[in-house]
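So the structure is just underneath, and the comments pick up after that.
Residue indices begin at 1 and follow the sequence shown.
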Amino acid sequence: MQYLWAFLIGGAICVIGQLLISLTRLTPARILVLFVTAGVILGGLGIYQPLADFAGAGATVPLTGFGNTLAQGAIEGAKQNGILGAFMGGITAAAGGISAAIGFGLLFALISKPKTKT
């Protein structure tokens with residue numbers, strides 16, 4: 001049942017993204033920023049974490065989950081180190097995901113053959 005909920009919640013987040021692409025003039029980059037910012041805001045308000053606990057990877061893997069991770073890290077950093085910790089905490093919490101994205105991006109850039117758009 002947990003897999004079903006992860007699929008449904010993750011799919012619903014993706015449907016929202018597809019609707020934004022199809023029905024608005026927003027660029028993919030702006031939608032990316034919108035999703036991360038929404039995750040930060042919902043995570044900071046304590047709304048996103050219960051959804052992440054319920055849906056598991058269906059809520060933590062999309063970009064909104066990354067925003068939630070940033071918010072939770074900033075909150076914890078602020079509790080431990082004050083205002084400076086709020087700035088450092090988000091990056092510390094998301095360091096693993098950021099490192100993986102950079103590493104896999106480099107790996108695929110090295111093994112793929114880019115083609116120019118026509």
Side-chain angles (χ1 to χ4, degrees):
M1 196 64 178
Q2 187 176 9
Y3 293 125
L4 177 65
W5 284 116
F7 176 77
L8 292 175
I9 299 297
I13 293 170
C14 292
V15 165
I16 293 169
Q18 185 61 51
L19 288 172
L20 288 172
I21 290 170
S22 298
L23 301 176
T24 68
R25 297 180 59 113
L26 292 173
T27 63
R30 290 182 185 210
I31 294 170
L32 177 143
V33 171
L34 179 70
F35 271 40
V36 173
T37 304
V40 169
I41 292 169
L42 293 173
L45 294 174
I47 297 170
Y48 200 83
Q49 192 58 46
L51 178 67
D53 293 339
F54 175 72
T60 57
V61 171
L63 289 170
T64 49
F66 178 69
N68 179 51
T69 301
L70 290 173
Q72 297 306 316
I75 291 168
E76 288 301 315
K79 287 179 183 176
Q80 294 176 359
N81 300 321
I83 191 72
L84 186 59
F87 291 107
M88 296 183 333
I91 299 299
T92 302
I98 294 169
S99 298
I102 292 170
F104 285 120
L106 175 64
L107 175 67
F108 284 104
L110 292 173
I111 64 173
S112 65
K113 294 181 181 178
K115 297 178 184 176
T116 58
K117 288 187 176 183
T118 57

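Shortest non-hydrogen contact noted between Leu70 and Ala94 is CD2-CB, 3.8 Å. Here the closest heavy-atom approach between residue Leu34 and residue Leu20 is recorded as CD2-CD1, 3.7 Å. Closest approach of Ile75 to Gly44, counting heavy atoms only: CD1-CA, 4.1 Å. When all heavy atoms of Gly73 and Ala93 are compared, the closest pair comes out as CA-CB, 3.6 Å. In terms of heavy atoms, Ala74 sits closest to Ala86 at CB-O, 3.3 Å. Here the closest non-hydrogen pair linking Ile13 and Pro62 is CG2-CB, 3.9 Å.
Put simply, CD on Glu76 and CE on Met88 are 13.5 Å apart, with the number rounded to the nearest 0.5 Å. The CG atom of Leu51 lies 10.5 Å from the CH2 atom of Trp5; values are rounded to the nearest 0.5 Å. Taken to the nearest 0.5 Å, the CZ atom of Phe104 stands 11.0 Å off from the OG atom of Ser99. Ile102 contributes atom CD1, which lies 9.5 Å from atom CG of Leu106 (distance to the nearest 0.5 angstrom). Here Ser112 contributes atom OG and Leu107 contributes atom CG; the two are 9.0 Å apart, rounded to the nearest 0.5 Å.
Between the side chain of Gln49 and the backbone N or O of Gly43, no donor-acceptor pair lies under 3.5 Å. Between the side chain of Tyr48 and the main chain of Gly67, no donor-acceptor pair closer than 3.5 Å is present.
Residues Phe66 and Val61 are not in side-chain contact: their nearest non-hydrogen atoms beyond the backbone lie 4.5 Å or more apart. Within the 4.5 Å cutoff, side-chain heavy atoms of Ile31 are placed close to those of Ile21. Counting only heavy atoms from C-beta outward, the side chains of Asn68 and Thr60 never approach each other to under 4.5 Å.
Within 6.0 Å of CG on Leu26 lie more than 12 heavy atoms contributed by other residues, nucleotides or ligands. Taking a 6.0 Å sphere around CD of Gln2, one finds it holds 12 or fewer heavy atoms contributed by other residues, nucleotides or ligands. In this structure, Ile83 places its CD1 atom where only 12 or fewer heavy-atom neighbours from other residues, nucleotides or ligands lie under 6.0 Å away.
For the side-chain contact (heavy atoms from CB on, under 4.5 Å) criterion with Leu32, the lone passing option out of Thr37, Leu63, Thr27 is Leu63.
Hydrophobic clustering (ILVMFWY, side-chain heavy atoms < 4.5 Å, transitive): Leu45 and Val40 are in one cluster.
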Tell me, with the steps shown, if Val36 and Thr64 meet side-chain contact (heavy atoms from CB on, under 4.5 Å).
CA-CA 5 Å; Val36 173; Thr64 49; over 6 Å; no
